[in-house]
Amino acid sequence: QVQLKESGGGSVQAGGSLRLSCAASGDTFGSSSMGWFRQAPGEERKFVAALNWRADSPYYHDSVKGRFTVSRDNAKNTAYLQMNSLRLEDTAVYFCAGARSDHTLVLVKQYNSWGPGTQVTVSS
């Protein structure tokens, strides 16, 4: 199981950008699907984006397509989420998640390693 820690969250005005990083420890990052999820107050955790270990099969929720980009650097054991054109509704705690798989995983229940989360707040 991989240990994960997010960074890069913060406060930004609508239309701005943030880049989240997810640093992983352990020896399974290079064979894991890495996902990004978010959870707003009072809501369930929801899928945002994910990328397989080969980094050739990204998936995005429709609400972030064209605005967010998921990537990874297996040599650095780090996954990234570049968020552009941020909207008020993107405000949430963002979590990265990992699970060993050859595929890109998109469901919360498919992941067995989670970071503690990082807050992203978008204001008008």
Side-chain angles (χ1 to χ4, degrees):
Q1 204 168 1
V2 63
Q3 290 76 48
L4 305 172
K5 180 69 165 74
E6 305 91 344
S7 62
S11 297
V12 63
Q13 287 192 320
S17 298
L18 283 174
R19 188 194 196 201
L20 304 184
S21 298
C22 175
S25 60
D27 57 0
T28 61
F29 179 85
S31 59
S32 296
S33 173
M34 296 301 298
W36 289 93
F37 295 79
R38 64 189 180 187
Q39 188 167 16
E43 298 184 8
E44 62 183 14
R45 195 167 298 187
K46 298 178 181 178
F47 170 74
V48 175
L51 186 61
N52 60 333
W53 68 265
R54 295 181 185 87
D56 61 2
S57 184
Y59 278 81
Y60 299 93
H61 189 273
D62 285 347
S63 64
V64 306
K65 282 181 181 177
R67 301 188 298 122
F68 290 12
T69 302
V70 62
S71 62
R72 64 191 295 161
D73 186 335
N74 287 346
K76 295 183 178 180
N77 274 15
T78 304
Y80 305 95
L81 184 68
Q82 177 67 44
M83 305 187 294
N84 298 328
S85 302
L86 282 161
R87 304 169 180 169
L88 298 180
E89 55 265 36
D90 294 320
T91 295
V93 177
Y94 283 70
F95 300 88
C96 69
R100 294 194 68 177
S101 177
D102 288 335
H103 307 288
T104 306
L105 307 178
V106 301
L107 301 177
V108 170
K109 64 181 180 181
Q110 293 176 308
Y111 285 93
N112 54 12
S113 295
W114 291 85
T118 185
Q119 177 70 45
V120 171
T121 302
V122 184
S123 60
S124 58

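What you are looking at is a predicted structure, and each value in this text was computed from that prediction instead of being measured.
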Please answer: with hydrophobic residues joined when any side-chain heavy atoms are less than 4.5 Å apart, are W114 and M34 in the same cluster?
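Unlinked, W114 and M34 end up in two clusters.
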Examine L88 and F68 and state if one hydrophobic cluster contains both, with Ile, Leu, Val, Met, Phe, Trp and Tyr joined whenever side-chain heavy atoms are less than 4.5 Å apart.
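The answer is yes; both residues are in one hydrophobic cluster.
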Gap separating the [atom1] atom of [X] from the [atom2] atom of [Y], nearest 0.5 angstrom:
{"X": "R67", "Y": "S85", "atom1": "CZ", "atom2": "OG", "result": "7.0 Å"}
{"X": "L4", "Y": "C22", "atom1": "CG", "atom2": "SG", "result": "4.5 Å"}
{"X": "S63", "Y": "K46", "atom1": "OG", "atom2": "NZ", "result": "8.5 Å"}
{"X": "T69", "Y": "N84", "atom1": "OG1", "atom2": "CG", "result": "6.5 Å"}
{"X": "S21", "Y": "D73", "atom1": "OG", "atom2": "CG", "result": "10.5 Å"}
{"X": "R54", "Y": "N74", "atom1": "CZ", "atom2": "CG", "result": "11.0 Å"}

A side-chain contact here means heavy atoms from C-beta on lying under 4.5 Å apart; do [X] and [Y] qualify?
{"X": "V120", "Y": "T91", "result": "no"}
{"X": "V64", "Y": "M83", "result": "no"}
{"X": "V70", "Y": "Y60", "result": "yes"}
{"X": "R19", "Y": "Y80", "result": "yes"}
{"X": "Y94", "Y": "L81", "result": "yes"}

Would [X] and [Y] count as having a side-chain donor-acceptor pair, cut-off 3.5 Å?
{"X": "S101", "Y": "H103", "value": "no"}
{"X": "S33", "Y": "N52", "value": "no"}
{"X": "D102", "Y": "W53", "value": "yes"}

Checklist line | Pair W36-F47, side chain to side chain contact (heavy atoms under 4.5 Å, CB included): steps then yes or no | finding: CA-CA 6 Å; W36 289 93; F47 170 74; over 6 Å; no
Checking R45 against F95: charged group under 6.0 Å from the ring centre and within 45 degrees of the axis?
yes
- Message: Could you go through H61 and V48, starting from their C-alpha distance and side-chain angles, then the distance that decides it, and tell me whether this counts as side chain to side chain contact (heavy atoms under 4.5 Å, CB included)?
- Response: CA-CA 5 Å; H61 189 273; V48 175; 5.6 Å; no
Main-chain N/O of [Y] paired with [X] side-chain donor or acceptor, under 3.5 Å:
{"X": "E43", "Y": "A40", "value": "no"}
{"X": "R72", "Y": "T78", "value": "no"}
{"X": "T104", "Y": "S57", "value": "yes"}

How close do [X] and [Y] get, counting heavy atoms only, and between which atoms?
{"X": "S17", "Y": "Q82", "answer": "CB-NE2, 4.0 Å"}
{"X": "V106", "Y": "Y59", "answer": "CG1-CB, 4.0 Å"}
{"X": "A24", "Y": "F29", "answer": "CB-CD1, 3.4 Å"}

Checklist entry - Counting only heavy atoms not in R100, do more than 12 fall under 6.0 Å of its CZ? => result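 For R100, atom CZ is not crowded (no more than 12 foreign heavy atoms under 6.0 Å).
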Handout entry: D56 atom CG, over 12 foreign heavy atoms within 6.0 Å
Key = yes
Please determine whether side chain to side chain contact (heavy atoms under 4.5 Å, CB included) holds for the pair S25 and V2, giving the CA-CA distance in whole Å, both sets of side-chain angles, and the decisive distance to 0.1 Å. CA-CA 6 Å; S25 60; V2 63; 5.5 Å; no
### Query
Any salt bridge between D90 and R87, counting N to O under 4.0 Å?
no
Check residues 6-14 and write down every donor-acceptor pair under 3.5 Å in which the side-chain atom is one partner and the other belongs to a residue at least two apart or another chain.
from: E6; atom 1: OE1; to: G117; atom 2: N; distance (Å): 2.8
from: E6; atom 1: OE2; to: C96; atom 2: N; distance (Å): 2.8
from: E6; atom 1: OE2; to: G117; atom 2: N; distance (Å): 3.2

message = Holding to ring pair (Phe, Tyr, Trp, His ring centres under 6.0 Å), I want the full list of residues that pass it with Y111, two or more places apart in sequence or in another chain.
response =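 Expected list: F37.
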